[in-house]
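A single structure is presented below for examination.
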Amino acid sequence: MSQGLSRGLTNYGDRDFALYLRRSFALSMGYSTASLARPIVGIADSGSGFNNCHRHLPELIEAVKRGVLAAGGLPVPFPTISLGEVFLDPTSMLYRNLMSMDVEEMVRAQPMDAVVLVGGCDKTVPAQLMGAASAGVPAIQLVAGPMMTGRWQDERLGACTDCRRFWARYRAGQISKEEIEGIEGRLATTSGTCAVMGTASTMACLAEALGMTLPGTAAIPAVHADRLRAAEATGEAAVRLISSRLTPDRILTAEAFENAVRVLLAIGGSTNAIIHLTAIAGRVGVPISLEWLNRISDETPVLVDLKPSGDHYMEDLFNAGGLGAVLAELRSELHLGCLTVTGETLGARLDAAPRYVDRAVIRSRREPIMPVGGLVALFGSLAPGGAILKRSAADARLFETEAAAVVFESLEDLARRVDDPALEVTPDSILVLKNAGPKGAPGMPEAGYLPIPQKLARAGVKDMVRISDARMSGTAFGTIVLHVTPEAAVGGPLALVQSGDRIRLSVKERRLDLLVDESQLARRRAALEPTRQPDRGYRRLYMEHVLQADEGCDFDFLRKISSSQR
Ligand code: FES
């Protein structure tokens, strides 16, 4: 099989000419003939001036290169799309699949024998894993690592649970404009991904649980010297991957995904991660259902005490023993025979893992934070395809609720009316947002964390049941039902809800029901307007092919799995 520079030649109808021309152009970059004879490790660089979380990627990539060279390979970085969470309009999720296509096609089209995927900010790791899984080239993930925390007065701050916490206090009139401006400069003070168990940290942990990173690397802070050593070791491991021919599909098995779901629940991870895991699994033909999530959730305790579910930050998880300590605690429930990117099994990894554990951050199974998993799927007449609630970051007093809905038709409607003093809402109301799902907004923005109406916030209301087809930042806290499927924009029952309708939430029964009779709903259904389609470009492709949340919001033509397999 062709290796290095002779892989996948440009098609001129003359192989020898194509290789001669490629070598000649590669020599123009100053490489020696000896260097060009080495196996090639591509380094997918998702750095960008529009991505604060990836500010240190140039330094990381230099360290990866050192490792590749030391192991006898030739490192060749190449740029890909970068998704800086807060710099994208309307939402980074709209572009996750585009980035995954970029990664897949560039890994396959360019002559590399293995690839190091360097990313971190929310959608970048899912996109890289989806792309690599489809490309079929040996791949290893290197995550950016989390930010360090900052300080404001006597408060320890970390993006972005504290961003939301202080913004809620500002909205409630508890802190001044000057104070919120001071906090703004203290929330994100280093490079790296959000400092709590948000989506980026969750996906970093899941990449390690899946076996796609080196052991012990998920939680190393972005600016810690260990992160550079991990980058160097990742470069070396990438060269070893070439001879082992260990392609992602051999690592990303059904058992590996079950391990990852268990870890997701034990770390109190982000709701977004279930969408991303489903999408990655779909690329290798592994079905993940929400019923399966509920089964694992009922038998998996929450062990990690990190915000937004708990009190600590990612740098504390690193110092407490890292993900290895969490995996060791879950050992009896994990599939230990799963292969990892180093060629060793998960069981062998755990045998070699350091033993120190800080129990303030990583609890034992005997004394968990919650006896059951952090996420739960709900089903019912309002969500026939399912919905998600992060019960570990919610107010348990609201888990059994029946109340009248206050409905917002869209994000624009929400922005216009939520703070209107005339809004008819009480602390017991259920807030409902429509048209914020995969096709609705479009791109399923993180808008599920509906703000508490200002008049209630000022009266001291801190949580209410909120329901939408949107996603929520992994850093948010509240009794928030998300990913209602099918979404309103494709005519799901959510589209039919009107203010005053009664809704029943029962976490105990895993139910979410709209208590309106069928004849009334049929009349409303007949009056629904179709969603407008974009005329052209990527947005048109997106609208025509994006799947619902229960199928990972991937494009139908990118999955290896058909709907009938699920
Ligand atoms: Fe990049 Fe939160 S903004 S991880």
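As the structure lists them, so they are numbered: ligands from 1, and atoms in each ligand from 1. In this chain, numbering begins with 1 at the start of the sequence shown. Worth knowing before you read on, the calculation uses all heavy atoms, side chains too, and leaves out hydrogens, waters and symmetry mates.
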**Asked** Under a 4.0 Å N-O cut-off, is there an ion pair linking Glu181 with Lys177?
**Response** yes
**Item:** Test: Arg66 and Glu62 ion pair at under 4.0 Å
**Value:** no
**Message:** Check this for me: does any side-chain nitrogen of one of Arg156 and Asp316 sit under 4.0 Å from a carboxylate oxygen of the other?
**Reply:** yes
**Prompt:** Can a salt bridge be assigned to the pair Glu104 and Arg283 using a cut-off of 4.0 Å between side-chain N and carboxylate O?
**Reply:** yes
**Message:** Pairing donors with acceptors under 3.5 angstrom, does anything connect the side chains of Ser270 and Thr199?
**Reply:** yes
**Item:** Asp469/Lys434 ion pair, N-O < 4.0 Å
**Value:** no
**Prompt:** What protein N/O/S atoms sit under 2.8 Å from atom 2 (Fe) of ligand 1, by chain and number?
**Reply:** Cys194 SG
